[in-house]
Peer 1: 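Quick one: the structure is below, questions incoming.
The chains referred to below are lettered A, B, ... by the order of the sequence lines, with proteins before strands, and numbering in each begins at 1.
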Amino acid sequence: MSLLGYIGNHKIRNFVRGVLASPNDYDFVTGIERIKANASMSDAGYAFEILYDEQPNKKYFRLPAFPKTLDEVYAVHVHKSKRLGNELACVTANFGRYKDEIVDAVQVYGNLCDAIKCKNIDGIISSLDTYSKTYGISLAVLGKLVFLQHSTLRNEELQFAVSNYLKLFTNPVRLIHLVLAEKILDSDHSYLSTRREFLNYVDAGSLDVGANAIIQNMCSPLRPFSGGVAQKIHAYSRWGAFDTYLFLRESAFIAKRYNNESTYNVLQAAIPSSIENAFAKHIPEISLEELSSCLQTEREFLDRGIFECSAFWSEVPSILSHRLDVEDVLGARFDGSFPSRSRNYPRSFHIVDSVCDVMPTKRIDPESAFFTLDSCGVFNRTISLIASIEQNPLACKDGAQARNLLDCTVDLPKFLSKDERDSLFPKYPNDLLNDYLKSAVEYDSLGNERNYHRFRTALQKIVISNHDRRIVAFLEDIDSDVGHVANHLAGNCSHYFLSELYRLLQSPEEVIEAEADILEWYGSTRNDKLAEEQAKSNRLSLVLAKIRGGIEDTRVYVEPVRFIDWVKSNFSSDFRSLSEMLTIDPKLEGVSEEFSDPIKALQLPILRLAKILDECYHEFCMNKYNGIDSLISRRIRHGSLHGRLVKQFAPLFESAIEKAAKVSVDLETFLVNWLTSYDKEVSKLASDYFHIRSKPDKPCGLIVPSISDVEKASVVENAISTLCASIRDKEPLSDTSYIFHERCWQLFEVDLKRMRNALDELRRRYVIDPSPLLVHCGPDAKSEVQQIIRKVNTSLQVEFDAVKNWLSRPESIVPTASIIALFEVVLEEVQKHHPEFKPKTISSGSGDVSLFGNRFHFFYDALYVLVGNAAMYGLPDGELGIHIEAEVADNSLEVSVTVTSQVLPEELADCAEKIRSALNADIGDAMNRESGKGIKKIRGLVASVEEIVSLDFRTSQDRIIFSINMIYPIQA
Amino acid sequence: MKKATRGSVLIVEDDNFKLSDIESFLDDHEFNVARTVVQSVGQAVIAINDKKFDLIILDMALPSQVAMVGGAQPLSLPTGGVEVLLELDYLQRLDKVIILTQYPEIQYEGASISVSKAKKKLNSSLGCNIISAEIFEPARKSWKLKVREALDGFN
């Protein structure tokens with residue numbers, strides 16, 4: 001009897017016959033789905049055996065045993081599958097045929113796991129090599145590859161092997177599973193956001209239908225999935241027998257854990273015992289401690305790191321069990337819902353009765369204690385707290401305890417429901433710290449303007465009442481060994497945030513000073529050099545404002561330092577990962593359109609770069625405070641445009657109408673109507689055209705805040721090509737970020753041009769043609785009319801030209817100051833400390849040389865030292881000279897600034913000796929600490945600041961002469 | 001004989017053209033009110049913390065603080081006026097507010113609210129007492145009518 005005869009149900013026999021005779025793919029797939037949906041498990045088993053044997057060429061059904069390329073995976077058609085038994089019948093047909101190969105693959109994979117556990121680099125490389133050559137690609141191996149990329153096991157040969165293997169997962173586009181794995185393990189990305197982002201893709205159906213189940217399993221293994229386990233197994237079956245086997249094992253483990261006995265039995269029965277024996281023999285047990293020793297994660301967050309990578313170690317029972325323990329408590333909360341009770345009592349995490357019991361009694365050290373609350377890490381402590389809250393509501397007794405709790409836990413605002421937050425952080429009258437923390441928790445949890453206002457208000461109250469109006473004093477007060485609460489505040493204190501502390505900081509200068517103080521505090525306590533440098537830039541901007549001495553009147557301006565800082569802080573990790581992915585000759589055509597597909601942008605590096613450029617340009621145009629729209633809104637649309645083109649023009653026009661009334665009624669009527677219409681059109685320009693284009697609000701807006709704009713296509717391609725080279729060549733972050741700023745300006749030129757054209761068009765429409773008006777004029781009136789019209793037309797031209805000038809990039813968009821102006825400001829500052837110092841200043845040479853960019857505070861510092869020394873040791877009423885020489889050489893500008901001060905002749909030798917001694921002394925940490933002062937400080941600058949190349953010293957008669965030599969690259 | 005001051009008005013406006021139109025209107029109608037004029041969000045917040053007003057005429061696009069010659073630049077806040085409403089909400093105050101803006105919409109919680117709907121939406125969301133939201137145009141009568149209604153009894 002043929003196998004067909006073993007199928008009991010005649011309908012199923014017919015379905016099988018139908019599939020065998022199917023004339024096209026559609027009929028074939030429909031037939032398979034019918035069998036899966038209607039057959040008994042036994043009939044399905046026979047049916048798939050038949051189809052396997054008799055349909056070798058039907059690529060849509062035949063599952064790959066060990067796919068070698070992504071194409072082989074994608075070639076398997078994904079069908080609906082809801083019946084677990086029938087799906088198992090389908091995949092076990094594969095197991096039966098490739099049992100021996102699966103056993104061998106388990107052994108090689110086991111060797112890989114063991115080599116990672118033992119940190120045996122050669123073993124890892126050899127196992128990867130064997131697996132890739134013999135078995136091709138696998139999701140389980142992919143997880144290990146990404147894990148290795150982010151582990152402490154770093155050596156060149158290993159990284160080369162890993163990168164080479166990963167290439168199999170990037171053709172033609174990066175596999176979405178790979179992108180997810182990288183984001184999960186990249187410490188620069190928030191795990192919570194990544195998880196929610198990808199689950200949103202699953203829910204929205206944005207992913208390839210075969211990827212949905214696996215992506216969900218990687219993110220949230222316990223979350224219900226439409227189609228259930230059967231659909232998940234089908235998704236894994238595309239990846240070959242080995243991945244299917246591992247997933248069946250994982251599913252069986254989960255079924256057993258949650259007492260789903262029938263599912264467990266069915267799954268377990270589907271796995272051949274020979275494969276299970278191989279698993280038991282070759283897959284090593286790995287403890288959480290062993291896993292943690294491979295992680296690069298910061299020590300403090302080691303426990304979280306273990307959880308995050310546990311998705312890639314699901315074959316190890318202890319790690320899977322830990323993952324599920326965490327998922328039991330946090331899984332739904334990670335995904336944005338708040339169950340009243342955990343689905344399972346957590347096995348490892350301690351349950352406590354009071355907030356006090358959650359606190360560490362020793363220094364937090366997740367390396368030595370994973371679960372014991374006296375010193376475990378902040379992530380596991382958070383889980384204990386939440387598991388405890390689910391048993392019994394807990395409450396902080398005051399602000400100090402709330403601070404301690406927030407310091408030793410992580411992401412609480414995101415994990416707790418409103419009721420839980422309210423009961424954990426009760427209100428206490430007159431406890432300003434508690435008010436502040438409560439408002440911070442609410443703001444972090446929900447966002448929204450009202451909570452933002454409450455948060456700022458609570459901060460201002462406590463800083464004004466208890467900390468002498470100094471935010472830094474408050475930061476010092478709340479800081480601790482762990483420092484989460486202080487870091488949270490420091491991280492929130494952006495320029496924008498501080499600008500909105502209206503009661504605390506009442507002028508823009510106070511805002512800048514406060515920002516600089518906070519950055520300085522953060523830089524020194526967290527050893528963050530970038531923050532210290534930003535503090536200096538901030539202070540320098542105050543100096544610059546003094547130099548400029550006026551109110552900034554540039555209409556269209558995007559503050560470069562803040563924009564570049566924004567680029568740095570938002571995309572530095574993307575640049576790092578893109579540097580390894582971008583190819584030398586990327587295909588640029590069409591990028592300005594294709595990037596808008598969020599999934600494609602994740603999978604193709606060049607589109608990811610295009611998406612970053614788009615986000616930068618959006619920020620450039622739309623930043624609430626500093627973006628182009630905000631500036632155009634306040635500086636052009638808001639009265640100024642109408643004021644300049646209509647109001648300012650009105651007196652001239654009224655006088656023209658008055659004159660016209662005397663010579664020609666036609667002309668008078670014409671001009672009155674003209675003015676009404678012109679006024680309306682100018683208003684329309686402001687209300688409809690000089691706007692960000694948006695549907696349905698401003699469909700005629702001329703600014704398109706995206707690179708997805710046909711007129712920008714060539715600028716976009718050019719920008720991406722330059723950015724691609726900068727990132728691939730691993731240029732310094734500042735340089736790459738600067739290119740983004742420059743390219744955003746080039747993109748904006750396209751929008752500006754549209755706006756200027758609109759102005760031209762409007763002007764052309766309202767230029768008055770005198771000929772029809774002259775027809776009925778007498779000879780005397782003709783010349784008068786002509787004169788009036790000429791005057792109107794000329795004035796129109798002048799006003800429109802002025803407005804067109806507003807719509808252009810300002811010549812200088814980076815901080816700029818002439819050396820002489822800086823010298824004057826430095827002298828003024830020094831005189832505040834040395835009021836007796838009133839030298840006669842003499843300047844010579846190229847006084848008009850200006851320095852650009854936010855790094856010239858280094859030169860300012862050097863100048864300050866030299867002028868300060870002159871004040872301390874020189875003649876108070878002597879001469880103080882500055883001489884500037886500048887010369888262009890190759891691609892650089894060489895600038896030499898000589899400062900000469902006068903001393904008493906009898907003191908010259910002594911002064912010179914002191915200076916020489918300082919010039920020869922050990923400079924040590926001159927640049928690192930405040931101890932770096934005087935000459936030592938300048939020598940520190942010479943040693944560490946690229947553009948400051950040397951400091952020369954000499955004496956002449958009664959003069960002390962210093963020269964600072966600098967070389968600035970000339971930007972092409 | 002000069003009438004006694006009976007009411008108080010806070011004008012939050014940084015555009016001199018607009019301010020002069022508002023002030024001329026108040027002058028023309030001889031409202032018996034003390035006027036406080038501020039030009040930035042910061043000044044407005046301090047003013048409302050200082051005392052209650054019978055009417056607040058509130059622009060939306062405002063600088064964060066006042067720019068000084070030779071000083072740093074304040075932030076340009078397209079919907080800075082919302083901060084004043086948030087502050088009133090926080091203080092649980094029901095001072096009457098007339099929003100007088102040159103923009104057809106107001107950004108709140110990331111969405112654009114048209115001026116015609118701003119009164120209802122912001123009042124329900126913030127619990128403040130906006131009696132009217134108007135687009136400012138010098139010749140337009142509606143804002144003048146609303147101001148006159150609000151100050152009825154003070155002239």
Side-chain angles (χ1 to χ4, degrees), chain A residues 447-450 452-454 456-457 460 495-496 498-513 538 541-542 544-552 554 557 559 624-627 629-635 637-640 642-643 647 683 686-688 691 694 696-698, chain B residues 14-19 21 40-49 59-80 82-91 101-105 107-112 114 122 125-127 135-139:
Chain A
N448 88 38
E449 305 237 14
R450 207 174 196 181
Y452 180 51
H453 180 269
R454 298 288 192 270
R456 285 181 285 126
T457 305
Q460 292 176 90
H495 182 72
Y496 310 125
L498 295 169
S499 294
E500 295 189 272
L501 301 181
Y502 301 105
R503 279 182 273 189
L504 181 64
L505 305 169
Q506 295 179 3
S507 71
E509 291 76 37
E510 284 179 27
V511 171
I512 291 179
E513 286 287 359
N538 279 14
S541 71
L542 284 178
L544 288 174
K546 246 182 236 174
I547 294 170
R548 292 190 186 115
I551 293 177
E552 183 64 63
T554 314
Y557 174 84
E559 217 279 291
K624 191 172 154 192
Y625 309 105
N626 253 341
D629 187 46
S630 153
L631 294 160
I632 286 187
S633 141
R634 288 204 17 85
R635 295 181 178 184
R637 287 201 300 261
H638 192 244
S640 305
H642 191 264
K647 276 199 170 175
S683 302
S687 65
D688 294 356
H691 278 272
S694 68
D697 292 347
K698 299 287 171 203
Chain B
D14 69 321
D15 181 327
N16 288 335
F17 287 118
K18 209 171 135 191
L19 178 62
D21 283 339
S40 69
V41 179
Q43 289 173 323
V45 166
I46 293 185
I48 57 174
N49 272 277
D59 186 15
M60 281 285 122
L62 293 162
S64 55
Q65 289 91 8
V66 174
M68 304 295 285
V69 173
Q73 287 301 298
L75 288 183
S76 227
L77 303 170
T79 46
V82 169
E83 179 74 15
V84 177
L85 302 174
L86 285 162
E87 192 72 18
L88 289 168
D89 166 50
Y90 175 76
L91 297 169
T101 174
Q102 286 174 292
Y103 301 101
E105 67 271 311
Q107 290 287 320
Y108 181 68
E109 296 292 8
S112 294
S114 71
L122 292 173
S125 171
L126 292 173
I135 293 185
F136 174 84
E137 274 173 31

Peer 1: Inspect the contact between Glu83(B) and Arg456(A) and indicate whether a charged nitrogen and a carboxylate oxygen are less than 4.0 angstrom apart.
Peer 2: yes
Peer 1: Go through the atoms of Ser125(B) and report whether side chain, backbone, both or neither lie under 4.5 Å from a heavy atom of chain A.
Peer 2: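 Backbone of Ser125(B) only, per the 4.5 Å heavy-atom cut-off to chain A.
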Peer 1: Does the side chain of Leu75(B) reach to within under 4.5 Å of the side chain of His495(A), using non-hydrogen atoms?
Peer 2: yes
Peer 1: Using every non-hydrogen atom in the two residues, find where Leu505(A) and Gln65(B) come nearest and quote the distance to one decimal.
Peer 2: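 Nearest pair, atom of Leu505(A) first, then Gln65(B): O-NE2, 3.5 Å.
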Peer 1: Tell me, side chain or backbone of Tyr452(A) under 4.5 Å from chain B's heavy atoms, or both, or neither?
Peer 2: neither
Peer 1: Mind listing the closest non-hydrogen atom pair of Val45(B) and Arg503(A) along with its distance?
Peer 2: CG1-CG, 4.1 Å
Peer 1: Under the rule for ring-ring contact (aromatic ring centres under 6.0 Å, His included), what residues qualify as partners of Tyr90(B), not counting sequence neighbours?
Peer 2: His453(A)
Peer 1: For Glu109(B) and Glu449(A), which heavy atoms make the closest approach, and how far apart are they?
Peer 2: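 In terms of heavy atoms, the two residues are closest at OE2-N, 2.9 Å.
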Peer 1: For a 4.5 angstrom cut-off between non-hydrogen side-chain atoms, does Ile46(B) reach Tyr502(A)?
Peer 2: no
Peer 1: For Ser499(A) versus Ser64(B), what's the shortest heavy-atom pair and its separation?
Peer 2: O-CB, 3.9 Å
Peer 1: Check each atom of Glu87(B) against the heavy atoms of chain A and say whether the ones under 4.5 Å are side chain, backbone, both or neither.
Peer 2: both
